[in-house]
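These notes concern the structure reproduced below.
Side-chain atoms are counted along with the backbone in the values below, which use heavy atoms only and exclude waters and symmetry mates.
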Amino acid sequence: MTEQAQQPAVDADENKLIAQRREKLAALREAGVAFPNDFRRDALAADLLERYAEVDGEALEAQPVRVRLGGRLMSRRVMGKASFVHIQDMSGRIQLFVQRDQLGTDAYQAFKRDLDLGDILGVEGVLFRTRTGELSVKCDSVRLLTKSLRPLPEKFHGLTDMESRYRQRYLDLIMNATTRETFRVRTAIVQFIREYLNARGYLEVETPMMQVIPGGAVARPFITHHNALDMDLFLRIAPELFLKRLVVGGFEKVYEINRNFRNEGLSTRHNPEFTMLEFYQAYADYRDLMDLTEAMLRAMAERVLGRTTIDYQGASYDFGKPFARMTVREAILHFNPELGAADIDDLDAARRVAEGMGLAVKPGWGLGKVQIELFEHTAEHQLMDPTFITEYPTEVSPLARRNDANPFVTDRFEFFVGGRELANGFSELNDAEDQAERFRKQVEEKEAGDLEAMYYDADYVRALEHGMPPTAGEGIGIDRLVMLFTDAPSIRDVLLFPHMRPEGRGSAA
RNA sequence: GGGCCGUUAGCUCAGCUGGUAGAGCAGUGGACUCUUAAUCCAUUGGUCCUAGGUUCGAAUCCUAGACGGCCCA
């Protein structure tokens, strides 16, 4: 692109391996086009292995199959006048057989001398089977398409250092088939969700990532700045309030799969940016969404994994049988058999129980908040099999519709597998006056020092005042779902580029 | 935020009680036309994460810091 590209700055700490490869590249530049882009392939490795799996060597000899393949040189076994190598493309690996007698003496010498592991090749030849039966390509042409300047990790152990795998994901993808598989599953899950919802009449939409009032969740936001407007904006913590505005507008079934940003610590379960599915449906309630969630996850497992049993970190979860359903109260009592209803239905009693467990109960907490702390502390992590928990206290559900029979709780559920929350859904609060009141309460909490409490969103209240049909909505954490489906212990394993602290090389900090 | 563990050649790792750094792979030179962790012979390669300290002497012991992993909040 630029003239400077011809004169690469020599890195002082660059080692000999790289220097040798740079010399080879310099010779290529000397000889002509060093980065040709006229090669076209007509096959992929894995396709060939599959298509000719049943075809034996004699048949391949009788009816030669010519192929053109592109890929990265991953292994080399060079003998005097013939070599076996493997190249890897997006589908997989295939072996090449390169002989002096096929290529010619000069070309074979160049093949042995100039190529390094990691180089990108374009090859042409015919399929055959080796004596051990491996489908391979007998090459009559091998072209170097891109010189690799850096050596690949070791061929047997590969790249195992977690930090390197996260920071240099490209290397991880080159070296580790399981990493490639994890991200294929991730894509398959997202694709499945789109197909599933599209087929049921949901409209996919995009709503603002930069918001003036961050809403729709209880979390601290990131702040950014708009120069022309000279104002701070928040990266969204949830799309919820915008999606419900769309329901007011008449898009009665909508969904969005996109990034949310929350300004909290990093851990094996938290990345500052993460992906959520949120979907909303008018003329439905939270029970309809539980049914939908159950059916969708079951179908997803069948489609993506080919089975309904999910193995995660040594445990096994059956998505084929009906999911358990339990209320928050029931869950607390179930996992604390020494407690009775009297212990958790009265604020003072519940507070004593919580403090007895070492929980720091704050003065302003009502019974609902104390109950949910008890639930999270004693029950949540024990919800192993797929389980819906319902009847969340109104106090901790500022956007959910109150239950008609018991206004202390809302028509809300959360979904758990393996002790982790995967989804959160509820019948939406469409009473504009109730919503305004709850926003006011959140603002009070914010003023009292709760950094995660919500802002008052006057336009959202105005939208509700126009009338939102009875609606149910749900959010599903895509990253956690992918972790479950790929048996990944850390969220970083399912993010292509997880957030990492800067490397801070030497004096650069 | 707290605790534990880790950081040594491009990669995967040894390095004992402090004595001045090693293997395999990769690389380089040579042999080899059915190999597949190819084989055989020879061989190059180091900011031992960083900065201090202790010591005649530090990869090793001490302190602080950086980055990462795991657990906890």
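Across B:G19 and B:C32, the matching P atoms stand 46 Å from one another, rounded to whole Å. Comparing the P positions of B:A51 and B:A59 gives a spacing of 13 Å, expressed to the nearest Å. As rounded to the nearest Å, B:G69 and B:C49 have C1' atoms that lie 16 Å from one another. Distance check on atom C1': B:U17 versus B:C61 gives 11 Å, rounded to whole Å. Between B:G57 and B:C25, the two P atoms lie 39 Å apart (nearest whole Å). Comparing the same atom, C1', in B:U47 and in B:U43 gives a spacing of 25 Å after rounding to whole Å.
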- Message: Pair A:D56, A:R129 - check salt bridge (charged side-chain N to carboxylate O under 4.0 Å, His left out), show working.
- Response: CA-CA 7 Å; A:D56 64 23; A:R129 277 195 190 279; over 6 Å; no
Subject >> Test salt bridge (charged side-chain N to carboxylate O under 4.0 Å, His left out) applied to A:R66 and A:E124, step by step >> reply: CA-CA 7 Å; A:R66 278 199 76 77; A:E124 196 167 347; 3.3 Å; yes
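In this entry the distance linking CG of A:D172 with P of B:G69 reads 13 Å, nearest Å. In this structure, A:L17 places its CG atom 13 Å from C1' of B:G46, rounding to the nearest Å. Atom NE2 of A:H157 and atom P of B:A9 are 16 Å apart (whole Å). Remark: P of B:A66 and CZ of A:R501 are 8 Å apart, rounded to the nearest angstrom. Atom CZ in A:R131 sits roughly 6 Å away from atom P in B:C34 (whole-Å rounding). As a whole-Å value, the separation of A:I18 CD1 from B:A9 P is 14 Å. Atom-to-atom, CG of A:L152 to C1' of B:G27 comes out at 13 Å; the value is rounded to the nearest Å. When the P atom of B:G1 is taken as reference, atom CZ of A:R220 falls 12 Å away, rounded to whole Å.
Of the nucleotides present, none pairs with B:A37 by Watson-Crick or G-U wobble criteria with both distances under 3.5 Å. The nucleotide B:G46 finds no pairing partner, because no Watson-Crick or G-U wobble arrangement with both distances shorter than 3.5 Å includes it. When both pairing distances are held under 3.5 Å, B:U20 makes no Watson-Crick or G-U pair with any nucleotide shown. Pairing partner, B:U63: B:A51, with both Watson-Crick or wobble hydrogen-bond distances short of 3.5 Å. Base pairing of B:G57 is not made with any nucleotide, judged by Watson-Crick or G-U wobble geometry with both donor-acceptor distances under 3.5 Å.
Nearest to the side chain of A:K24, among B:C70, B:U28, B:C34, sits B:U28. Ranking B:C70, B:A38, B:U12 by closeness to the A:E154 side chain, first place goes to B:U12. Considering only side-chain atoms of A:S490, the nucleotide from B:C34, B:C70, B:G10 that sits closest is B:C70. Considering only the side chain of A:P151, B:G10 comes nearest among B:G68, B:G10, B:C11. Residue A:D116 has its side chain nearest to B:U28 when only B:C34, B:U28, B:U12 are considered.
For the pair A:K147 and A:D119, the salt-bridge criterion is met [side-chain N within less than 4.0 Å of a carboxylate O]. Ion pairing between a basic and an acidic side chain is recognised when a charged N comes within 4.0 Å of a carboxylate O; A:E414 and A:R412 show such pairing.
Aromatic ring orientation, A:F323 versus A:F388: tilted (interplanar angle from 30° to 60°).
Within 3.5 Å, a donor on the side chain of A:Q95 pairs with an acceptor on the base of B:U35, or the reverse.
Among the atoms of the strands shown, none is found under 4.0 Å from any heavy atom of A:R21. Nucleic acid contact class of A:Y108 (heavy atoms, under 4.0 Å, all strands): none. Using a 4.0 Å heavy-atom criterion, one finds that A:G265 contacts no nucleic acid atom at all. Counting any heavy atom pair closer than 4.0 Å across all strands shown, A:M175 reaches no nucleic acid atom. Within 4.0 Å (heavy atoms only), A:T160 reaches sugar-phosphate atoms of the nucleic acid but no base atom.
Remark: A:N15 is in phosphate contact with B:G10, judged by side-chain N or O atoms under 4.0 Å from OP1 or OP2. The phosphate of B:U43 (OP1 or OP2) has no side-chain N or O of A:K16 nearer than 4.0 angstrom. Remark: A:R165 is not in phosphate contact with B:G68, judged by side-chain N or O atoms under 4.0 Å from OP1 or OP2. For the OP1/OP2 pair of B:C71 and a distance below 4.0 Å, the side-chain nitrogens and oxygens of A:R269 include no atom meeting the criterion.
Remark: the backbone N or O of A:A219 is not paired with any side-chain donor or acceptor of A:E452 at under 3.5 angstrom.
The closest side-chain heavy-atom distance from A:L117 to A:V85 is not below 4.5 Å. Taking 4.5 Å as the limit, some side-chain heavy atom of A:R72 sits within range of a side-chain heavy atom of A:I174. A:Q88 places none of its side-chain heavy atoms less than 4.5 Å from the side chain of A:L73.
Heavy-atom nearest nucleotides on RNA chain B were determined for A:D161 and for A:F128, and the one closer to the 5' end corresponds to A:D161. Annotation: of the two residues near RNA chain B, A:Y166 and A:A82, the 5′-most nearest-nucleotide partner is A:A82.
Residues from residues 69-79 of chain A lying near RNA chain B, meaning a heavy-atom separation below 4.0 Å, are A:R76, A:R77, A:V78, A:M79 in numerical order.
Cation-pi geometry between A:R77 and A:F84 is not met at under 6.0 angstrom from the ring centre and within 45 degrees of the axis. For the pair A:K138 and A:F97, the NZ or CZ position fails the cation-pi test of under 6.0 Å to the six-membered ring centre and within 45 degrees of the ring normal.
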Short heteroatom pairs, N/O only, protein and nucleotides 3-7 of chain B, under 3.5 Å:
none

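With A:Y166 as the partner, the side-chain hydrogen bond (donor to acceptor under 3.5 Å, both in side chains) test is satisfied by one option alone out of A:D493, A:D172, A:D161: A:D493.
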